[in-house]
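One is the number of the first residue; the rest follow in order along the sequence. For the numbers below, each heavy atom of this structure counts, side chains included, while hydrogens, waters and symmetry mates do not. This one's a predicted model, so the numbers in the text were calculated from it and none came from an experiment.
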Amino acid sequence: MVSIPVWAFVALCVFAAWAALDRVFLPGLRWLLRRRVNRIIEELNASLALRLEPMRLTGRQVLIDRLLYDEEVQTAALAHAREHGMRHDEVMAEVGTYAREIVPGFNAYAYFRIGYLLVRSVARALYRVRLGAARDGDLRAIPDGACVVFVMNHRSNMDYLLVAYLAATRSALSFAVGEWARVWPLQTLLRALGAYFIRRGSGNDLYRKVLARYVSMATAAGLTQAMYPEGGLSKTGALQSARLGLLAYMVRGFKVRTAELAAAQERAQPFDVVFIPVGINYDRVLEDRTLLALRDRTERAPPPVAGLLGLMRFLGNQMWLAVTGRWYRFGYAGVGFGQPVSLSRYSAEQGVDWHDEARFREQVESLGNHLLDAVGNVVPVLPVALTAKVMLDAERPLDVLEVKNRIVALIEHLEAGGVHVHVPRADRDYAVNVGIRMLELRRMIANVGGLLEAVPAEADLLGYYAASIDHYFAGQSAGGADE
């Protein structure tokens with residue numbers, strides 16, 4: 001018999017249990033999970049239009065190490081250390097923080113099993129989701145190894161969920177997400193879904209170099225990505241001018257990869273970056289009033305507490321409407337896919353030399369404008385936008401019949417130009433009624449004595465929705481569309 005104290009016996013039991021868990025049970029569990037994930041990946045690659053890329057399946061720590069010891073990152077780190085009088089290990093610790101912040105940790109099971117069900121449920125609970133123009137062609141015809149980039153206008157933070165939901169049958173998307181999403185547990189979920197976080201407007205040259213190298217590496221590796229060339233949410237409802245940061249990083253990745261293939265004199269398929277224009281529109285943007293309040297950049301931004309209180313007030317109001325049986329979904333949400341734009345073909349047709357550093361920014365800006373034009377051409381036209389445009393342009397109150405005539409005239413004008421107009425149930429009268437009802441429910445228009453008129457206090461909000469389709473009319477007024 002050997003006697004030992006109770007505390008020692010308990011400690012031995014704990015260590016024995018931990019050893020059994022670490023050496024016996026956890027390896028077996030990891031093997032089972034890895035086998036399940038591999039089976040899911042095989043099934044997905046057989047069904048997806050774009051196969052999951054090797055980089056997406058590479059361990060996150062491997063990608064972080066690759067980024068840390070990238071030659072350009074190391075050169076930038078040495079320059080930063082000399083400029084700021086810092087030790088190299090201090091600078092590398094800073095680089096490591098940036099790399100861990102940027103590099104995602106994609107999980108196929110989380111993306112296609114958990115994430116897809118989540119985003120589908122949220123999108124369909126809030127909106128009637130409709131696919132608009134679908135001119136993306138056969139994505140399976142895109143050469144293996146090409147980098148596919150979905151280029152979208154940015155109307156709402158719902159864009160992430162909506163496009164991920166509709167593109168899930170095509171591929172997994174890697175989004176660039178702003179700092180607003182860096183809160184637990186949201187950041188953990190988004191990182192598992194392949195999103196990477198960026199600090200918009202950062203003036204830190206070292207951070208920008210780390211971000212640039214990651215995006216360039218991802219592009220050269222053929223990682224399917226999604227980006228908003230406008231940079232941020234549209235505060236006016238209209239398409240904004242292109243921001244060149246991420247697009248320039250992608251072009252540099254294309255330039256490096258094509259140069260590598262040319263130097264190696266490989267006879268394999270040439271590398272290409274293929275942009276898929278995606279247009280998004282909503283009958284109701286959840287953040288519309290907040291965006292209008294922030295439209296004037298000279299105004300002081302409200303404190304975070306005010307934003308939180310506003311969100312709680314909005315959610316409380318929606319819950320009360322649901323309890324009282326007066327809650328409606330927020331109308332239609334439409335997404336259109338355009339024809340792919342091949343970067344190599346675009347470069348050849350436009351005579352672009354990406355190695356000309358003196359004109360690089362100018363050429364990237366021209367590409368950004370070209371892509372934004374392509375995005376604008378596939379933005380779906382929805383009932384609220386049509387009704388808002390007619391009511392905003394009307395110089396006097398209109399009866400319902402006049403509103404219908406003007407909206408139908410706009411629909412015919414747009415359809416004659418090849419624009420996709422979503423007409424619910426293929427019934428134009430019903431589409432007009434949907435638009436009028438949505439604006440009346442939100443008190444943006446009022447029915448006074450049988451005549452419809454815009455509420456003056458909501459003119460800015462009406463303009464926000466009308467602006468989403470203004471680029472289709474080239475100066476033509478809604479009032480003259482039926483003349």
Side-chain angles (χ1 to χ4, degrees), residues 132-133 150-160 162-163 178 200 227-244 247 277-299 330-338 365-394 407 410-411 413-414 417-422 435 438-439 442 444-445 454 458-481:
F150 289 79
V151 184
M152 303 169 286
N153 62 316
H154 204 0
R155 293 277 286 162
S156 166
N157 287 315
M158 272 295 298
D159 297 346
Y160 300 98
L162 194 63
V163 176
R200 300 190 187 277
M227 66 170 292
Y228 302 101
E230 297 167 289
L233 290 167
S234 171
K235 297 180 178 64
T236 64
L239 286 172
Q240 307 300 295
S241 57
R243 302 280 293 274
L244 307 181
L247 185 59
V278 182
I280 306 171
N281 209 352
Y282 300 89
D283 271 342
R284 180 174 181 178
V285 174
L286 301 180
E287 311 92 333
D288 52 8
R289 296 186 186 276
T290 302
L291 292 171
L292 284 175
L294 296 174
R295 182 173 55 184
D296 186 356
R297 293 181 179 271
T298 61
E299 292 181 359
F330 301 139
Y332 292 93
V335 180
F337 293 86
E365 185 175 3
S366 178
L367 172 63
N369 292 332
H370 177 78
L371 293 176
L372 273 178
D373 288 342
V375 170
N377 290 336
V378 291
V379 171
V381 178
L382 300 179
V384 163
L386 286 168
T387 310
K389 182 168 181 60
V390 166
M391 296 307 303
L392 192 67
D393 290 349
I407 291 178
L410 289 182
I411 292 175
H413 169 75
L414 291 166
V419 177
H420 178 83
V421 181
H422 177 64
M438 285 286 295
L439 296 184
R442 299 195 64 192
M444 294 163 64
I445 62 175
E458 300 294 355
D460 285 347
L461 197 56
L462 280 172
Y464 175 84
Y465 286 98
S468 67
I469 60 172
D470 273 347
H471 59 281
Y472 285 127
F473 295 98
Q476 178 179 351
S477 68

Query raised in the report: In terms of the angle between their ring planes, are Phe473 and His413 parallel, tilted or perpendicular, with boundaries placed at 30° and 60°?
Result: parallel
Report summary line: For Tyr464, the ring-ring contact (aromatic ring centres under 6.0 Å, His included) test, sequence neighbours excluded, returns none
**Report entry** Pairing residues for Tyr228 by the ring-ring contact (aromatic ring centres under 6.0 Å, His included) criterion, not counting sequence neighbours
**Finding:**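 Only His154, Tyr160 meet the ring-ring contact (aromatic ring centres under 6.0 Å, His included) criterion with Tyr228.
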Query raised in the report: Only one of Val390, Asp393, Ile469, Val421 clears side-chain contact (heavy atoms from CB on, under 4.5 Å) with Leu410; which?
Result: Val390
Going by the rule side chain to side chain donor-acceptor pair (under 3.5 Å), which residues pair with [X] if we only count those two or more places apart in sequence or in a different chain?
X      : result
Ser241 : none
Thr290 : none
Tyr465 : Asp288, Arg442
Arg289 : Glu458

Side-chain contact, heavy-atom cut-off 4.5 Å: [X] with [Y]?
X      : Y      : result
Met158 : Tyr282 : yes
Val384 : Phe330 : no
Leu247 : Pro229 : no

Could you pull out the closest heavy-atom pair between [X] and [Y], with the gap in Å?
X      : Y      : result
Ala333 : Leu162 : CB-CD2, 4.0 Å
Pro380 : Gly279 : CD-O, 3.4 Å
Lys235 : Leu291 : CB-O, 3.7 Å
Leu382 : Gly334 : CD1-N, 4.0 Å
Ser156 : Glu287 : OG-OE1, 2.9 Å

Under 3.5 Å, sequence neighbours excluded: what are the donor-acceptor pairs made by side chains of residues 367-377?
residue, atom, partner, partner atom, Å
Asn369, ND2, Glu365, O, 3.3
Asn377, ND2, Asp373, O, 3.2

Query raised in the report: Within 45° of the ring axis of Tyr472 and under 6.0 Å from its six-membered ring centre, is that where the NZ or CZ of Lys389 lies?
Result: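 No - Lys389 does not lie over the ring of Tyr472 by the 6.0 Å and 45° rule.
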Requested in this report: For the pair Gln240 (side chain) and Ser234 (backbone), establish whether a donor and an acceptor sit closer than 3.5 Å, ignoring hydrogens and angles.
Outcome: no
Requested in this report: Examine distances only and state if a side-chain atom of Tyr332 and a backbone atom of Arg284 form a donor-acceptor pair shorter than 3.5 Å.
Outcome: no
Query raised in the report: Could you walk me through whether Val381 and Leu386 pass the side chain to side chain contact (heavy atoms under 4.5 Å, CB included) check?
Result: CA-CA 7 Å; Val381 178; Leu386 286 168; 3.5 Å; yes
Report task. For side chain to side chain contact (heavy atoms under 4.5 Å, CB included), just list the numbers for Leu439 and Leu462, CA-CA rounded to whole Å, side-chain angles, deciding distance to a tenth of an Å, and then say yes or no. Result -> CA-CA 9 Å; Leu439 296 184; Leu462 280 172; 4.0 Å; yes
Distance from [X] atom [atom1] to [Y] atom [atom2], nearest 0.5 Å?
X      : Y      : atom1 : atom2 : value
Thr387 : Leu392 : OG1   : CG    : 12.0 Å
Ile280 : Asn153 : CD1   : CG    : 5.0 Å
Leu294 : Leu233 : CG    : CG    : 10.0 Å

Query raised in the report: By side chain to side chain contact (heavy atoms under 4.5 Å, CB included), which residues pair with Ala467, not counting sequence neighbours?
Result: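 For Ala467 the side chain to side chain contact (heavy atoms under 4.5 Å, CB included) partners, ignoring immediate neighbours, are Ala238, Asp470.
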**Report entry** With Ser468 via side chain to side chain contact (heavy atoms under 4.5 Å, CB included) - residues at least two apart
**Finding:**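 Testing Ser468 for side chain to side chain contact (heavy atoms under 4.5 Å, CB included), a comparison that skips the adjacent residues, returns Arg155, Asn281, Ala385.
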Report task. Take Val163 and Met152, measure what side chain to side chain contact (heavy atoms under 4.5 Å, CB included) needs, and give me the verdict at the end. Result -> CA-CA 9 Å; Val163 176; Met152 303 169 286; 3.3 Å; yes
